Amino acid sequence: MTHLHVDELERIELDDGFEWRPIRRAFDIRAFGANAYAPGASGRVVEEHSESALGHEEIYLVLRGRARFTVDGNDHDLGPGQLVFVRDPALRRGAVALTDDTIVLALGGKPGAPHEPSAWEAMFAAVPAGREGRWDDAIRMHEEALEEHPGSAPLLYNLACMESRGGRPLDALLHLTDAVAQDPKWADYAAKDPDFDPIRAEQGFPA
Amino acid sequence: MSDGYEVLSLDDLDRLKSTDGELTLLPLRRTIGFQPFGVNAWLGASAGDQVIERHREQGGDEELYVVVRGRATFTLGEETFDAPPGTLVHAPPGTLRESIAADDDTVVLAVGATPGKAFRPSPWEDFYVAFAHRAAGRVEEARALVADTLARNPGTWQGPLNAACFEALEGNADAAFEQLRTAYDRAPAIIAKHAPEDGDLARLHSDPRWQELFG
């Protein structure tokens, strides 16, 4: 596949109520990050977040419609051909759509480093499988992503979530323990995460 | 607004013509100082204008083209197709690609880098800007940018080749040949193939030093 229209991309409605349209994954681009976003149920079109963990510089270009970006607490209403370049990864940024047809192109990467596809892409990609209870598919997607990101704590944690929901308590405990070993914050998350209700009473549950 | 971000429109960017007048670059990456990978826009002001030149990326870059507005006809390898706004075109390394505006005011974003390598801004951007300055009559500003770009990219053959083109266009044959010899010494086979095809160097062909270099 060499070309696609942005409306032909896979559409994955995420829990925050916006739609992720994966470009990098669609073409298996290895050199840079590229995704498109559209508004979902919440009207949000770019998740409110920072890039502190990844150290990415990001460009958000409005391809269609209009969006209100909030960057570092400042609002900017942008239309087609207008963009926000967020140089400082620590700045919080996000956007809500002002029209239903809004599409935002997001490009990002870390200066001075070869691009590595982000682990979160696999977690987002597995959302539909998890939502539909196709746990084996969701687990397989996480396992494949772990081959590319060995030891990734967020992937291990999410894999454990899928395994817990999918009736694999021992695997879930093992992978959750691996995530917690890297950072105790995952135990705090697990303590409140209903995905772990099926295994919460098991001996060795780390929360 | 803080120093950590900026807001702009592609229409705020300079519109820089190539030396032959065929291409118009909107130099996004250079303007905002984006460091992770290459990203620029190209404009076809009128239907029929070349938007993306016919070329293959040297050095392993993969590219993504995004039709921002207007409409383009893309050729990728053996395939030619219509590309309305919102079209995404992926060109793996080495693929022949070209884009022609099908509508007036067509803008295509080009994103590119080499997989597995940390991106380093290519000197072609600075040379392109220098040549555009020269075409606009800002010759000394252009010459200073050429010198600065050469200094920041030592040891390449592309740098002196571009400098040779600049000096040739300015009618400075001595300086042009000095740069051309440097480029030839660094990459004789490449320069012997490309220099005779480069229109910027055409006025040097009748000089005896051209025969010395290329027979």
Side-chain angles (χ1 to χ4, degrees), chain A residues 1-9 21 23-24 26-34 36 50 55-64 69 71-74 76-93 101 103 105 107-117, chain B residues 1-13 26 28-29 31-39 41 60-69 74 76-79 81-93 95 97 105 107 109 111-121:
Chain A
M1 178 177 49
T2 56
H3 58 96
L4 278 173
H5 192 270
V6 71
D7 290 328
E8 295 174 319
L9 293 165
R21 300 188 184 186
I23 296 174
R24 194 208 64 76
F27 294 111
D28 194 25
I29 292 169
R30 312 305 293 184
F32 48 85
S50 83
H56 281 187
E57 290 185 359
E58 300 250 321
I59 293 171
Y60 304 94
L61 171 67
V62 179
L63 283 182
R64 190 170 71 198
F69 283 80
V71 187
D72 198 23
N74 303 311
H76 303 277
D77 289 0
L78 304 183
Q82 294 181 297
L83 62 94
V84 181
F85 164 45
V86 186
R87 182 181 295 109
D88 181 352
L91 292 187
R92 293 199 68 78
R93 81 295 302 268
D101 63 345
I103 297 285
L105 173 71
L107 303 169
K110 184 175 182 179
H115 185 73
E116 291 183 16
Chain B
M1 203 181 304
S2 76
D3 290 341
Y5 79 100
E6 57 191 286
V7 174
L8 70 156
S9 167
L10 294 177
D11 290 323
D12 297 332
L13 297 168
L26 313 182
L28 176 59
R29 196 212 63 76
T31 301
I32 62 177
F34 188 72
Q35 296 297 318
F37 45 83
V39 56
D61 274 12
E62 65 173 330
E63 300 222 315
L64 176 73
Y65 301 100
V66 183
V67 181
V68 177
R69 71 180 183 226
F74 263 86
L76 198 67
E78 300 295 311
E79 186 182 9
F81 52 91
D82 177 46
T87 302
L88 311 158
V89 181
H90 179 234
T95 311
R97 80 291 305 266
D105 195 29
V107 173
L109 193 74
V111 187
T114 304
K117 282 190 176 177
F119 177 77
R120 188 164 174 265

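Here is the naming used below: chain letters follow the sequence lines, and residue numbers restart at 1 for every chain. No experiment lies behind these values; they were computed from the predicted model shown. We use all heavy atoms of the structure for the numbers below, so side chains are in, but hydrogens, waters and symmetry mates are not.
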For residues [X] and [Y], determine if any side-chain heavy atom of one lies less than 4.5 Å from a side-chain heavy atom of the other.
{"X": "A:Arg30", "Y": "A:Arg24", "value": "yes"}
{"X": "A:Glu57", "Y": "A:Phe85", "value": "yes"}
{"X": "B:Phe37", "Y": "A:His115", "value": "no"}
{"X": "A:Leu9", "Y": "B:Leu88", "value": "yes"}

Using heavy-atom distances under 4.5 Å, tell me whether A:Ala34 contacts chain B through its side chain, its backbone, both, or neither.
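Answer is side chain: those atoms of A:Ala34 sit under 4.5 Å from chain B.
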Which atoms of A:Leu91 come close to chain B, meaning under 4.5 Å heavy atom to heavy atom: side chain ones, backbone ones, both, or neither?
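Contact with chain B involves the side chain of A:Leu91 alone.
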With a 4.5 angstrom heavy-atom cut-off, is it the side chain or the backbone of [X] that approaches chain A, or both, or neither?
{"X": "B:Val107", "value": "neither"}
{"X": "B:Phe81", "value": "side chain"}
{"X": "B:Thr114", "value": "backbone"}
{"X": "B:Pro92", "value": "neither"}

Side-chain donor-acceptor pair under 3.5 Å between A:Gln82 and A:His76, yes or no?
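A:Gln82 vs A:His76: no donor-acceptor pair found between side chains.
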side-chain contact (heavy atoms from CB on, under 4.5 Å) with B:Val39: which of B:Val66, B:Leu109, B:Leu64?
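Looking at B:Val66, B:Leu109, B:Leu64, the match for B:Val39 under the side-chain contact (heavy atoms from CB on, under 4.5 Å) is B:Leu109.
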If you count heavy-atom pairs under 4.5 Å with chain A, which of [options] comes out on top?
{"options": "B:Asp11, B:Val111, B:Val67", "value": "B:Val111"}
{"options": "B:Arg120, B:Arg69, B:Glu79", "value": "B:Glu79"}
{"options": "B:Leu76, B:Ile32, B:Thr95", "value": "B:Ile32"}
{"options": "B:Asp12, B:Leu28, B:Asp61, B:Val89", "value": "B:Val89"}
{"options": "B:Thr87, B:Leu8, B:Val68", "value": "B:Leu8"}

Between A:Asp7 and A:Arg21, does any side-chain N to carboxylate O distance fall below 4.0 Å?
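Yes, this pair counts.
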May I ask you to name which of A:Leu61, A:Val6, A:Ile29 has the most heavy-atom pairs under 4.5 Å with chain B?
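Ranked by heavy-atom pairs under 4.5 Å with chain B, first place is A:Ile29.
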Donor-acceptor pair, distance only, cut-off 3.5 Å: does the side chain of A:Glu116 make one with the backbone of A:Pro114?
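Answer holds: no.
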